[in-house]
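The model shown is predicted, which means the values in this text are computed figures rather than measured ones.
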Amino acid sequence: PNVCAVQKLIGTNRKYFTNCKQWYQRKICGKSTVISYECCPGYEKVPGEKGCPAALPLSNIYETLGVVGSATTQLYSDRSNLRPEIEGPGSFTIFAPSNEAWASLSAETLDSLVSNVNIELLNALRYHMVDKRVLTDDLKHGTTLNSMYQNLPIQIHHYPNGIVTVNCARLLKADHHATNGVVHVIDKVIATTTNTIQQIIETEDSLETLRTAVAASDLSSLLESEGQYTLLAPTNEAFEKIPRETLNRILGDPEALRAHVRHSPARLSHHILKSAMCAEAIIAGLTMETLEGTTLDVGCSGEELTLNGKPIIANKDVLATNGVVHFVNELLIPDSAKTVFELAQESEVSKSTDLFRQAGLSSHLTGSEQVTLLAPVNNVFKDGLPIIDSNMRNLLLNHIVKDQLSSKYLYHGQKLQTLGDKELRVFVYRNNLCIENACIAAHDKRGRFGTLFSVDKMLTPPTGSVMDVLKADHRFSTLVAAIQSAGLTENLNRPGTFTVFAPTNEAFRAMPQGELNKLMGNAKELANILKFHVADEILVSGAVTALVRLKSMQGDKLEVSMKNNVIHINKEPVAESDIMATNGVIYAVNSVLQPQASRPQERGDEPADPALEIFKQASALSKVSQRNPRLAPVYSRILARMKENSSGF
C-alpha cells in the first residue's frame with residue numbers, strides 16, 4: 001500500500017512521474033531509466049511490513065517544505081517574512097522550487113532577489129503560491145491559476161505522457177499535504193510573465209530578422225492574441241545560414257509568408273505549433289502539428305531538444321502569456337516554401353537533379369512555373385548518370401508534367417501532358433500508382449509552385465502502337481510475321497489496353513521442329529496461340545507482386561509473378577519488361593507460351609514448308625534472320641497466305 005512508482009534516470013538524481021506507457025520504453029530522451037518504487041507523499045515504511053503503511057502526521061506548509069526536499073524555499077520564506085503566513089491558518093498551494101532549482105539561478109539573479117528580501121524575494125515566493133488547495137488532478141492542461149502576487153497567472157500544462165508543468169517548470173514531487181494546504185516541488189524558479197509572443201519578438205535583439213518576416217506576413221495579430229502556441233523562433237543566425245537568393249525569395253513573397261487556412265504555402269506558420277509545448281514535457285519523440293497543417297518531429301537527445309532529428313534549439317522555454325518560445329538556429333523551411341529543385345536536392349532523388357541541371361532544365365524547376373517532376377530515385381543511377389544528348393534531353397523533358405499535381409487526385413486512365421509534348425497515362429493498381437512504366441516510390445512533396453514525384457525508374461514514353469514497336473525491334477521479326485500471317489495486325493494497331501508477352505526470334509527457334517511446323521501450318525491454331533500471349537488490360541511490372549492473374553484473349557489465364565526481382569509469365573522468366581506502346585505494354589519472352597490443354601506433342605511427319613514460309617516473311621523484316629538458313633525469303637507464298645487469312649481477335 002501507498003507505494004508510488006517513478007522513472008529514474010540512471011546515473012542522475014532526476015526522477016519522472018510518467019504514465020505506464022512511458023515506463024515500458026525505459027528511456028528518457030534516449031537515456032536509460034529504471035522504475036523506482038518509493039513511499040507516496042505522506043507515508044513511510046514500517047519494518048517487517050509491506051509497502052508504506054504508516055501515515056505521517058501533517059504539519060504546516062513551512063515545516064513540510066523541509067521534509068520534501070525544498071529546504072532552500074523554506075529558508076527564503078523565513079528571510080522574506082513569508083513564514084508566518086505559511087505557518088498560520090489558511091488554505092494555500094505552493095509550487096516550491098527544489099534546492100537544485102535555486103542553486104541553478106545565476107549569481108546575479110539570486111543576489112537581486114536575496115539582497116532585497118522583503119520586497120523582491122517575497123514577491124517571487126508569493127508568485128509561486130495560490131490561495132486555495134490544488135491537487136494534481138485539478139491541474140488541467142491549458143488552464144491558469146491566479147497567483148498570490150498581484151493575481152498574475154500561472155500556466156498549467158498536463159501532458160498525455162503524464163508530465164505536469166507550471167510555467168514550464170516540471171512537477172518533481174506532487175501532492176504533499178499540509179495542515180494549511182498542499183506542497184508541489186518543481187524543478188525551476190518560475191518568473192512572472194507579462195509579454196505576449198509578439199512582444200518577445202519585438203524586444204529580443206536576436207530575433208530582428210524574424211521581426212521583419214512576421215510584419216510582412218501579417219502574423220503579428222495572431223502572436224499577440226489569446227491562446228496557447230509554441231513559436232520555434234528562428235534567430236538572426238538562422239536566417240544568415242539560408243542562401244541569400246532563397247531568403248530574398250521567401251521574404252519577398254507575402255502570399256507565401258502569410259498563414260492561410262487552407263492550401264496556401266505558408267512559411268512562418270511552419271514555425272508555430274498549435275499548442276504550448278514546454279521543453280520539460282518532451283521525454284521522447286513525438287509528431288506535432290504546425291499552424292500550417294504540416295508536422296514536425298519534436299524530440300530530445302540527452303539535455304538537447306531536437307527538431308526533425310536535429311539539435312537546433314538554442315534557447316528553450318521563454319514563456320509568454322499566450323504560449324512559449326524556443327529559439328532555433330536553423331530556419332525550418334517547409335516543403336510548401338521550396339522550389340521543386342530544392343525538394344529534389346533534399347530527397348532520395350538528388351542524382352536526378354544533377355541530370356536535369358546538366359541538361360539545362362533547371363529553369364523549369366526553380367521558377368514560378370507550375371509543374372510536376374517525375375524524378376527517378378538515386379538507385380536508378382547506381383551505375384552512373386547517362387550522357388546528356390538531344391535524345392536524353394527530350395526524355396527528361398517528358399519527366400516534367402505541365403501542372404502541379406497531387407498523387408491522391410490521380411485516377412486510372414488519366415492523361416498527363418509533358419513539357420516534351422508527350423501524353424502519359426496513369427495506371428492505378430491495388431499496390432501501386434504508376435505513370436507509364438514508372439511507379440511512385442515515395443510520398444509526393446508539394447512545393448511552392450511544383451510537386452515532386454519520386455519514381456522507381458526512368459520513364460519510357462510510348463512511341464507507337466504495339467505493332468509499331470514490334471516492327472521496330474529486330475528481336476520480334478518472326479512474331480511480326482506470325483501476327484501478319486494470322487491476320488491479327490489490325491487488332492494490335494487499334495486503340496486498346498493490351499499486355500503482350502512477345503516471343504522473341506530465339507523463342508521460335510527453340511521450339512521442337514515438329515511442333516513448330518504444326519503451329520505454322522495451321523492459321524487458326526497460330527491465331528489461338530498468339531491470342532494466348534495477349535491480355536486486354538495494361539499491367540506494368542511495378543504492379544506485379546507475388547502473383548497476378550490475367551485473362552488472355554484466348555480465354556485461358558496467364559500467371560504473372562515476381563521472383564528475385566525478375567518478372568515471370570507462367571513460370572517462364574521475362575527477358576525485358578515494360579516496353580511501352582500507345583495501346584499497351586510489351587514484355588519480351590524467350591519462349592512460346594501455350595495453353596495447358598492444347599500443348600501439342602512434337603511430330604516428325606509434318607511438312608516443314610508452312611514454317612519456312614513464316615520465317616521467310618520474317619527475314620524481310622530483320623537482317624539478323626537472314627543469317628539463318630531456315631529464314632530464306634519466299635515472299636509470294638507468304639503474301640498469298642496473308643490474303644487468304646483474315647481472321648481476327
Side-chain angles (χ1 to χ4, degrees), residues 339-341 343-345 347-367 369-405 407 410 414-427 432-442 444-445 447 450-466 468-476 502 538 540-543 575-588:
T339 65
V340 177
F341 199 80
L343 292 175
Q345 284 181 313
S347 305
E348 287 299 310
V349 296
S350 55
K351 291 183 179 179
S352 288
T353 62
D354 293 337
L355 199 59
F356 283 94
R357 180 178 49 77
Q358 292 174 22
L361 301 177
S362 300
S363 61
H364 296 291
L365 308 176
T366 56
E369 189 176 1
Q370 292 200 332
V371 296
T372 296
L373 175 64
L374 310 178
V377 295
N378 290 339
N379 191 52
V380 172
F381 306 110
K382 60 180 182 293
D383 297 325
L385 295 177
I387 296 173
I388 301 295
D389 55 20
S390 58
N391 289 333
M392 177 54 64
R393 190 177 189 279
N394 288 335
L395 177 59
L396 292 176
L397 276 172
N398 289 317
H399 283 71
I400 306 175
V401 176
K402 296 178 180 178
D403 202 359
Q404 185 175 16
L405 304 174
S407 62
L410 297 181
Q414 185 177 359
K415 303 293 178 63
L416 310 176
Q417 292 296 131
T418 72
L419 294 186
D421 292 326
K422 288 288 186 181
E423 190 174 77
L424 306 179
R425 297 159 296 181
V426 176
F427 305 121
N432 228 329
L433 175 62
C434 306
I435 299 173
E436 293 298 334
N437 61 303
C439 299
I440 294 177
D444 43 299
K445 294 189 173 183
T451 300
L452 172 68
F453 286 176
S454 300
V455 295
D456 62 354
K457 56 177 68 72
M458 286 288 285
L459 196 77
T460 53
T463 56
S465 68
V466 167
D468 293 333
V469 174
L470 292 175
K471 286 179 180 180
D473 192 328
H474 66 80
R475 294 176 299 172
F476 302 116
I538 295 179
V540 298
S541 62
E576 184 180 349
S577 303
D578 297 335
I579 307 170
M580 304 308 293
T582 55
N583 59 345
V585 59
I586 299 168
Y587 292 81

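- Of the charged side-chain nitrogens involved, none lies within less than 4.0 Å of a carboxylate oxygen, so that Asp354 and Lys351 do not count as a salt-bridged pair.
- Summarising the geometry of Leu424 relative to Asn398, their closest heavy-atom pair is CD1-O, 3.6 Å, with the distance given to 0.1 Å.
- Here Asp444 pairs with Ser406, Ser407, Thr451, Phe453 under the side-chain contact (heavy atoms from CB on, under 4.5 Å) rule; sequence neighbours left out.
- In plain terms, the two heavy atoms of Leu410 and Gln414 that are nearest each other are CA-OE1, 3.2 Å.
- For residues 393-403, the pairs satisfying salt bridge (Lys or Arg N to Asp or Glu O under 4.0 Å) are Lys402-Asp421, with sequence neighbours left out.
- The side-chain contact (heavy atoms from CB on, under 4.5 Å) check on Asn394 picks up Leu397, with sequence neighbours excluded.
- Listed by first then second residue, pairs satisfying side chain to side chain donor-acceptor pair (under 3.5 Å) with a partner in residues 374-392 read Ser350-Asn378, not counting sequence neighbours.
- A distance of 4.5 Å separates CZ in Arg425 from CD1 in Ile538, rounded to the nearest 0.5 Å.
- Scanning both residues, Phe356 and Leu396, for their nearest heavy atoms gives CE2-O, 3.4 Å.
- The backbone N or O of Cys434 sits nowhere less than 3.5 Å from a side-chain atom of Asn432 that would complete a donor-acceptor pair.
- Counting heavy atoms from C-beta on, the side chains of Thr582 and Asp468 never come closer than 4.5 Å.
- Closest of all the heavy-atom pairs between Val455 and Ala438 is CB-CB, 3.9 Å.
- Heavy-atom neighbours of Glu576 CD from other residues, nucleotides or ligands within 6.0 Å: above the threshold of 12.
- Residues passing the side-chain contact (heavy atoms from CB on, under 4.5 Å) test with Ser347, sequence neighbours excluded: Val349, Lys445, Leu452.
- The shortest distance between side-chain heavy atoms of Pro461 and Glu436 does not fall below 4.5 Å.
- Side chains of Leu416 and Leu405 form a contact here, defined as non-hydrogen atoms less than 4.5 Å apart.
- His399 and Leu459 get closest at one heavy-atom pair: NE2-N, 2.9 Å.
- Side-chain atoms of Phe427 and Cys439, non-hydrogen and from C-beta on, never get closer than 4.5 Å to each other.
- Shown here are the side-chain contact (heavy atoms from CB on, under 4.5 Å) partners of Asp578, two or more places apart in sequence or in another chain: Asn437, Lys457, Val540, Ser541, Met580, Val585, Tyr587.
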If you apply the rule side-chain contact (heavy atoms from CB on, under 4.5 Å), what do you find for Val340 with Ile400, and how did you get there? CA-CA 11 Å; Val340 177; Ile400 306 175; over 6 Å; no
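- Looking at heavy atoms from C-beta onward, Leu355 lies out of side-chain contact with Leu361 at the 4.5 angstrom threshold.
- Between Met458 and Leu395, the shortest heavy-atom contact is CE-CD2, 3.7 Å.
- Looking only at distances, no side-chain donor or acceptor of Ser454 sits under 3.5 Å from a matching main-chain atom of Ala441.
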